[in-house]
Amino acid sequence: MLQGILPVLPTPFTAEGGIDAAAMARVTDFALGAGVDGVVFPGFASEVDDLTAAERAALLKVVVERVAGRVPIVAGASAASVAEAVGHAREAMGFGVATVMIQAPKSVDAGFEAVAAFYRDIADAVPGLEIVLQNAPAPRGSDLKPETILDIVRGNRAITYVKEETLPSGLAISALIAGKPEHLKGVIGGGGARYFIDEYNRGVCGAMPAVELSDIHVAMDRAFRAGQIARARELYMRTLPLLVIQANFRMAFTKHVLSRRGVLDNRVVRAKVPPMDAHDLAEIDAWLDAAGDLMQAAAPPSMRVAGARG
């Protein structure tokens, strides 16, 4: 069962721009130490569009080895064609990962028949696969309507979760949960945890934010599930300024925060994201300092010193 906080892990690069397997292991260890309920790799936040097939396979292997069965892994298998998606799914299965997240590609018409056939062909080609149908907003995603998704899911028992991240996502999440067939195990929130409380109030089984604040997101999840809603809201409000900034700079923000926390030693990105100047970095650092007590309290022991500025 996928539930709770399942962060999308970033791809660390060396200063020269190659993939950094040692840093990938540290990122995975950080997530596990923060108490996450699962991890996702690769995804959009992993700069997946800028990775070669060999690079994503090598890094997924690192993640699988570091996790060592302790929490579920969701492997990203989105691709422009059925054949490519099937290849990624089979590769994941070869590593022992049977759950994959797949977004309907822009190359497929957003209508029911075409999208349903896309997912059906993948499921038929890879028996035993469990699919997380990722519904992303345009222009990256197909912005599928809840009724279309439900029709697709009803005809495909391999689709066991939906990650809903269209904007606004609230009504879509409620519609999916209200109409879900028995084999759909849950709906997962997206949007980088910027709508965490609303999504949890509507009944999502978990969230897939970026990884840099996983310890605080885990604390939010645990507080909400324990009925400590005021505490969950407090944690949400304390981190929301950071998540607002993260929406602009995406992977570069994630890597800056992980560098501040002692997990990475650079913030090299391949993806085309807006540049951050000294003012941006100072603002991020100020908000990190303001939330430092939360990280100090929630971070795994190996990261507690790195969680404070210094």
Ignoring hydrogens and geometry beyond distance, is a side-chain donor-acceptor pair present between T11 and E47 at under 3.5 Å?
no
Check whether any side-chain heavy atom of V126 sits under 4.5 Å from a side-chain heavy atom of M93, and report yes or no.
yes
Just verifying a value: how many Å separate I188 CD1 and Q134 CD, rounded to the nearest 0.5 Å?
10.0 Å
Taking the side chain from T160 and the backbone from L184, do they hold a donor-acceptor pair closer than 3.5 Å?
no
Is a side-chain N or O of T148 found less than 3.5 angstrom from the main chain of L144, in a donor-acceptor match?
no
Quiz question: by atom type and distance under 3.5 Å, do the side chains of H256 and D280 form a donor-acceptor pair?
no
Tell me, yes or no, whether the heavy-atom count around R140 atom CZ, taken from other residues, nucleotides or ligands under 6.0 Å, exceeds 12.
yes
Please check if atom CG in L171 has more than 12 non-hydrogen atoms from other residues, nucleotides or ligands closer than 6.0 Å.
no
Would you find a donor on one side and an acceptor on the other, under 3.5 Å apart, between the side chain of T28 and the backbone of M24?
yes
Indicate yes or no: does E55 engage R270 in a salt bridge with an N to O separation below 4.0 Å.
yes
Given the rule that I, L, V, M, F, W and Y join up when any side-chain heavy atoms are under 4.5 Å apart, are V257 and V218 in one cluster?
yes
ILVMFWY cluster, L51 and L258 together (side-chain gap under 4.5 Å)
yes
Do the charged groups of R154 and D151 touch, with an N to O distance under 4.0 Å?
yes
Could you tell me whether D49 and K272 have a side-chain N and a carboxylate O separated by less than 4.0 Å?
no
Nearest-0.5 Å distance that lies between atom NZ in K255 and atom CE in M276:
10.5 Å
Looking only at atom types and distance, does a side-chain atom of D20 sit under 3.5 Å from a main-chain N or O of P12, one as donor and one as acceptor?
no
Do I152 and F112 come close enough that some side-chain heavy atom pair is under 4.5 Å?
yes
Rounded to the nearest 0.5 Å, how far does CG of L213 lie from CG of L288?
7.0 Å
Pairing of R261 and D215 as salt bridge, 4.0 angstrom limit:
yes
Parallel, tilted or perpendicular: rings of H217 and F196 (30°, 60°)
parallel
Polar side chain donor-acceptor pair, R194 to Q246, under 3.5 angstrom
yes
Ionic contact status for D50 with R56, cut-off 4.0 Å:
no
Looking at I102, is its backbone amide N or carbonyl O close enough to the side chain of Y119 to form a donor-acceptor pair, meaning the two atoms are under 3.5 Å apart?
yes
Any R225 side-chain heavy atom under 4.5 Å of Y200 side chain
yes
Answer whether the closest heavy-atom distance between the side chains of F41 and V8 falls below 4.5 Å.
no
Measure the spacing between CG of L133 and CG of N156 and express it to the nearest 0.5 Å.
9.0 Å
Does S81 reach the main-chain N or O of E84 with its side chain, forming a donor-acceptor pair under 3.5 Å?
yes
Is there a donor-acceptor pair under 3.5 Å between the side chain of R222 and the backbone N or O of A219?
no
Any F44 side-chain heavy atom under 4.5 Å of R250 side chain:
yes
How long is the span from the CZ atom in R238 to the CH2 atom in W287, to the nearest 0.5 Å?
9.5 Å
With distance as the sole criterion, is a donor-acceptor pair present between the side chains of S214 and E212 under 3.5 Å?
no
K185/E130 salt bridge by N-O under 4.0 Å criterion
yes
Starting from L242, can I reach L264 by hopping between I/L/V/M/F/W/Y residues whose side chains sit under 4.5 Å apart?
yes
Determine whether the side chains of S174 and R202 contain a donor N or O and an acceptor N or O closer than 3.5 Å.
yes
If we only count heavy atoms from C-beta on, is the T254 to F249 side-chain gap below 4.5 Å?
no
Carboxylate-amine/guanidinium proximity below 4.0 Å for D289 and R260
yes
Can you find a heavy atom in the side chain of V39 that is under 4.5 Å from one in the side chain of V74?
no
Within this structure, what is the CD-CG distance for the pair E16 and N266, rounded to the nearest 0.5 Å?
9.0 Å
Sub-3.5 Å donor-acceptor pair from the side chain of R267 to the main-chain atoms of A252, do we have one?
no
Taking the side chain as every heavy atom from C-beta outward, state whether P72 and T99 have any atom pair closer than 4.5 Å.
no
Counting heavy atoms not belonging to K180, are there more than 12 under 6.0 Å from its NZ?
yes
Are V27 and V62 grouped together when hydrophobic residues (ILVMFWY) are joined by side-chain heavy atoms under 4.5 angstrom apart?
yes
So does G141 get a backbone contact from the side chain of K106, meaning a donor-acceptor N/O pair under 3.5 Å?
yes
Hydrophobic cluster membership, I5 vs M101, 4.5 Å side-chain cutoff:
no
